[in-house]
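Beneath this line is the structure, given in structure tokens, with notes to follow.
Each chain gets a letter, A, B and so on, in the order the sequences are listed, and its residues count up from 1.
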Amino acid sequence: MIYIKQLAQHEGQTVQLSGWNAQKRDSKGLVFMTFRDGTGFCQAVIDLNVVGEESFEAAKRLPQESSLSITGKVVKDERQIGGFEIQVTSLQVIAEATEYPITPKEHGVDFLMDNRHLWLRSRRQWAIMRVRNRIIFAIHEFFQSRGFVQMDAPIFTGNACEGTTNLFETDYYGEPAYLSQSGQLYGEAMAMAQGLIYTFGPTFRAEKSKTRRHLSEFWMIEPEMAFYDLKMDMDLIEDFVRSVVTKVLDECADELKALERETSYLEKVREPFIRMKYEDAVSIIKGEKEVNGRTSLVMLAEEQQKLVDEKLATENEIAEREAKIKSGELKKGEINFNQSKIDKLKAQLTDIAERQQAVEQWIHSANTFERGNDFGGGDETVLTKMFGQPVMVYNWPQAVKAFYMKEDETDKGYAKGVDLLAPEGYGEVVGGGERETDIERLKSKIIEHELPMSAFEWYLDLRKFGNVPHSGFGLGLERLVAWICGLQHIRETIPFPRSYGRLLP
RNA sequence: UCCUCGAUAGCUCAGCUGGUUAGAGCACAUGACUGUUAAUCAUGGGGUCCCUGGUUCGAGCCCAGGUCGGGGAGCCA
């Protein structure tokens with residue numbers, strides 16, 4: 001038995017494959033099956049004259065997602081998925097499926113999420129998971145090749161790390177325990193033991209967020225480096241993101257193609273990232289400062305106009321197709337075709353309306369943004385849309401950042417934190433910075449943030465025994481996957497997403 | 001918690017200012033078609049119009065309350 005992935009090495013040979021019937025079409029004497037085996041998809045052609053009546057009838061009536069083994073000749077055919085097809089000589093049904101819910105028709109999100117366990121089999125979802133896998137591998141390759149040691153932080157914690165977000169509370173032998181929202185503080189302890197470390201584990205946030213950027217459970221990678229300052233931290237972030245993205249670009253071309261990912265923005269990671277201080281970023285967001293000859297307000301107005309044009313074009317196309325159907329000159333098949341196009345276009349109209357609403361909000365937040373505040377999702381989008389490549393924003397007002405961020409000695413009131421914003425509206429992918437080393441300042445910050453001192457005694461110990469400058473960052477895996485794959489929603493980036501209101505399947 | 005949009009067949013949707021027996025396509029079943037890639041033809045089965053209450057001679061449509069879901073704000077990776 002071989003796998004679809006290996007077909008190219010078996011051209012002209014007769015091979016055996018085991019897998020599933022992803023989809024099929026039939027006509028007299030021929031069945032065309034899109035066959036999948038987990039490693040890929042390919043067309044299998046079943047010819048009555050070759051396989052005989054019994055096998056042919058079995059294939060013809062085989063429901064979608066039934067499992068089977070096929071034996072056949074590998075024939076090169078550029079038109080096919082993967083460039084090869086199998087001309088089947090014999091087949092054996094392993095298990096006939098009952099009626100499969102996911103049909104080759106458009107489906108709504110809720111329905112697909114209810115069927116996530118099956119949806120994962122679709123080509124698009126398959127491709128996303130392949131890319132996710134390559135990203136994970138690339139992350140390990142990057143850190144391991146630089147001598148980082150993977151050390152994982154605990155998932156049960158006794159304290160709320162940053163104090164702000166809502167955590168999931170569990171019962172830990174009668175004591176309250178929280179599911180970790182960050183391994184950050186433990187990372188610092190581990191870096192003092194091993195020098196360069198990274199954690200790779202699940203993270204939990206009990207936010208009742210319903211947006212395309214949030215999950216209740218997601219995977220985070222948090223490196224922590226002894227003797228690194230903010231500059232070194234930023235250099236590492238840039239090398240790291242470039243390394244991961246280019247590996248996917250180089251090795252997952254087929255998957256990105258299946259996702260219809262336009263890769264020009266991704267290619268930009270090969271160039272140096274934009275770096276700017278918070279104050280400059282604010283000036284750009286508020287439209288006080290031009291980038292490439294235009295302000296944010298001009299860019300947003302252009303964006304608005306684009307949507308108006310798009311809406312008009314879509315409405316016109318719907319009207320045209322409706323007129324065609326009404327004319328009564330079309331054959332039934334053509335009417336169906338036009339009708340399904342109209343359905344699709346109408347779905348696009350609702351999408352355009354949503355985007356128009358979003359742009360309005362961005363304009364509002366650009367106009368009303370107050371210096372000193374943290375960025376909202378819209379502000380991040382505006383900023384990155386101005387550049388079309390990753391942007392690192394550093395030196396944030398201390399008030400909006402976590403208590404452990406170090407203050408810049410030459411830039412009082414600003415914390416040496418950095419956020420990496422992905423282009424195309426994907427927002428904050430990495431957040432990090434240099435850690436506060438002054439124990440007295442840490443203590444007063446803990447009090448200021450109204451955090452329980454007793455829970456941080458061990459953390460303060462790190463400053464008593466061989467205190468060193470150190471930095472780190474956190475990367476949200478799913479946001480990175482969403483950006484690289486060009487997905488509308490983060491829920492497609494993880495096999496079984498956990499979000500507000502979704503615990504099954 | 002707030003703003004906003006929505007719920008009609010297994011799925012995606014249409015359903016006019018409230019009016020007879022609620023529609024289409026896909027999917028499914030049966031038959032016809034020798035190369036298809038969501039576009040062939042014919043026939044067929046398939047509905048608690050989200051729930052509760054109200055207005056009305058009459059409610060899928062109007063009103064009130066709820067449930068669930070989409071998008072966003074807040075918060076964040």
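Nucleotide B:C68: paired with B:G6 (Watson-Crick or G-U wobble, both distances less than 3.5 Å). B:A29: Watson-Crick or G-U partner is B:U43, with both key distances under 3.5 Å. Look at B:C62: its Watson-Crick or wobble partner, with both distances under 3.5 angstrom, is B:G54. In this entry B:A73 has B:U1 as its Watson-Crick or G-U wobble partner, both defining distances falling under 3.5 Å. B:A22: no Watson-Crick or G-U partner with both key distances under 3.5 Å is found in any strand.
Among the atoms of the strands shown, base atoms are found under 4.0 Å from some heavy atom of A:I490. A:K210 comes within 4.0 angstrom of a nucleotide base, judged by non-hydrogen atoms across all strands. Residue-level contact check: A:V109 touches neither bases nor backbone, having no heavy atom under 4.0 Å from any strand. Contacts of A:F218 with the nucleic acid, taken as non-hydrogen atoms under 4.0 Å apart, include base atoms. Here A:D26 lies in heavy-atom contact (under 4.0 Å) with a base. Counting any heavy atom pair closer than 4.0 Å across all strands shown, A:R355 reaches no nucleic acid atom. Using a 4.0 Å heavy-atom criterion, one finds that A:G108 contacts the sugar-phosphate atoms exclusively. Across all strands shown, A:N49 has heavy atoms under 4.0 Å from base atoms, whether or not it also approaches the sugar-phosphate. A:R213 comes within contact range of at least one nucleobase, with a heavy-atom separation under 4.0 Å. No contact: A:V31 has no heavy atom under 4.0 Å from any strand. Note on A:Q80: a base of the nucleic acid sits closer than 4.0 angstrom, heavy atoms only. Looking at heavy-atom distances under 4.0 Å, A:E85 makes contact with a base. Among the heavy atoms of the strands lying under 4.0 Å from A:Q43 is at least one base atom, whether or not backbone atoms are also near. Counting non-hydrogen atoms under 4.0 angstrom, A:L48 reaches nothing in the nucleic acid.
With P as the reference atom, B:A9 and B:G60 are 15 Å apart, rounded to whole Å. For the P atoms, the distance linking B:G47 with B:C62 amounts to 25 Å, nearest Å. With C1' as the reference atom, B:A14 and B:A24 are 7 Å apart, rounded to whole Å. Of the C1' atoms belonging to B:G46 and B:U30, the separation is 16 Å, rounded to the nearest Å. Going from the C1' atom of B:C13 to that of B:C49 covers 13 Å, rounded to whole Å. Rounded to the nearest Å, the gap between the P atom of B:C51 and that of B:A39 is 35 Å. Here the separation of B:A7 from B:C61, taken at their P atoms, is 12 Å to the nearest Å. For the P atoms, the distance linking B:U48 with B:U67 amounts to 24 Å, nearest Å.
Side-chain contact, A:Q80 with A:E78: no donor N or O sits under 3.5 Å from an acceptor N or O. One side chain, A:E492 or A:Q125, offers a donor N or O that lies under 3.5 Å from an acceptor on the other.
B:C75 atom P lies 15 Å from atom CD of A:Q181, rounded to whole Å. Across the protein-nucleic acid pair, A:R79 atom CZ and B:U37 atom P stand 11 Å apart, rounded to whole Å. Atom C1' of nucleotide B:A29 and atom NZ of A:K60 are separated by 13 Å, given to the nearest angstrom. Following rounding to the nearest Å, A:R61 (CZ) and B:A29 (P) show an atom-to-atom distance of 7 Å. Put simply, NZ on A:K28 is 19 Å from P on B:A42, counting in whole angstrom units. Atom pair A:W396:CH2 and B:C76:C1' shows a separation of 12 Å (rounding to whole Å applied). In this structure, CG of A:L62 is placed 11 Å from P of B:A29, rounded to the nearest angstrom. Separating the CD atom of A:Q23 from the P atom of B:A38 is a distance of 7 Å, rounded to the nearest angstrom.
Aromatic stacking is not marked for A:F32 over B:G35, as the cut-offs of 5.5 Å for the centres and 30° for the planes do not both hold.
Note on A:R212: a side-chain N or O is less than 4.0 Å away from OP1 or OP2 of B:G72. Distances shown here put every side-chain N or O of A:H489 at or beyond 4.0 Å from the OP1 or OP2 atom of B:G70. A sub-4.0 Å separation between OP1 or OP2 of B:U37 and a side-chain N or O of A:R123 is absent.
Across B:U1, B:C28, B:C76, the shortest atom-to-atom separation from the side chain of A:K208 is found for B:U1. Of the candidate nucleotides B:C11, B:A77, B:G71, B:C11 has the atom nearest to the side chain of A:F111. You'll find that the side chain of A:E207 is closest to B:C75, out of B:U37, B:A27, B:C75. Checking B:G69, B:A73, B:C28 against every side-chain atom of A:T211, the shortest atom distance belongs to B:A73. If you check B:C75, B:A77, B:U34 against the side chain of A:L30, the one that comes closest is B:U34.
Between A:F41 and A:W126, a ring centre-to-centre spacing shorter than 6.0 Å is recorded. Checked against the 6.0 Å centroid threshold, A:H140 and A:Y198 count as a close aromatic pair. Aromatic ring centres of A:F369 and A:F375: separated by under 6.0 Å.
Looking only at side-chain heavy atoms (C-beta outward), A:R205 and A:F218 come within less than 4.5 Å of each other. Here the side chains of A:M33 and A:L68 are in contact, with some heavy-atom distance below 4.5 Å. A:V109 has its side chain out of reach of A:Q488: every pair of non-hydrogen atoms, C-beta onward, lies at least 4.5 Å apart. Counting heavy atoms from C-beta on, the side chains of A:E424 and A:T384 never come closer than 4.5 Å. You'll find the side chain of A:L7 stays beyond 4.5 Å of the side chain of A:E11, heavy atoms only.
Interface remark: the A:H214 side chain does form a donor-acceptor pair with the B:C76 base, using a distance-only criterion of under 3.5 Å. With hydrogens and angles ignored, no donor-acceptor pair closer than 3.5 Å exists between the side chain of A:T103 and the base of B:G10.
Annotation: of the two residues near RNA chain B, A:R502 and A:F375, the 5′-most nearest-nucleotide partner is A:R502.
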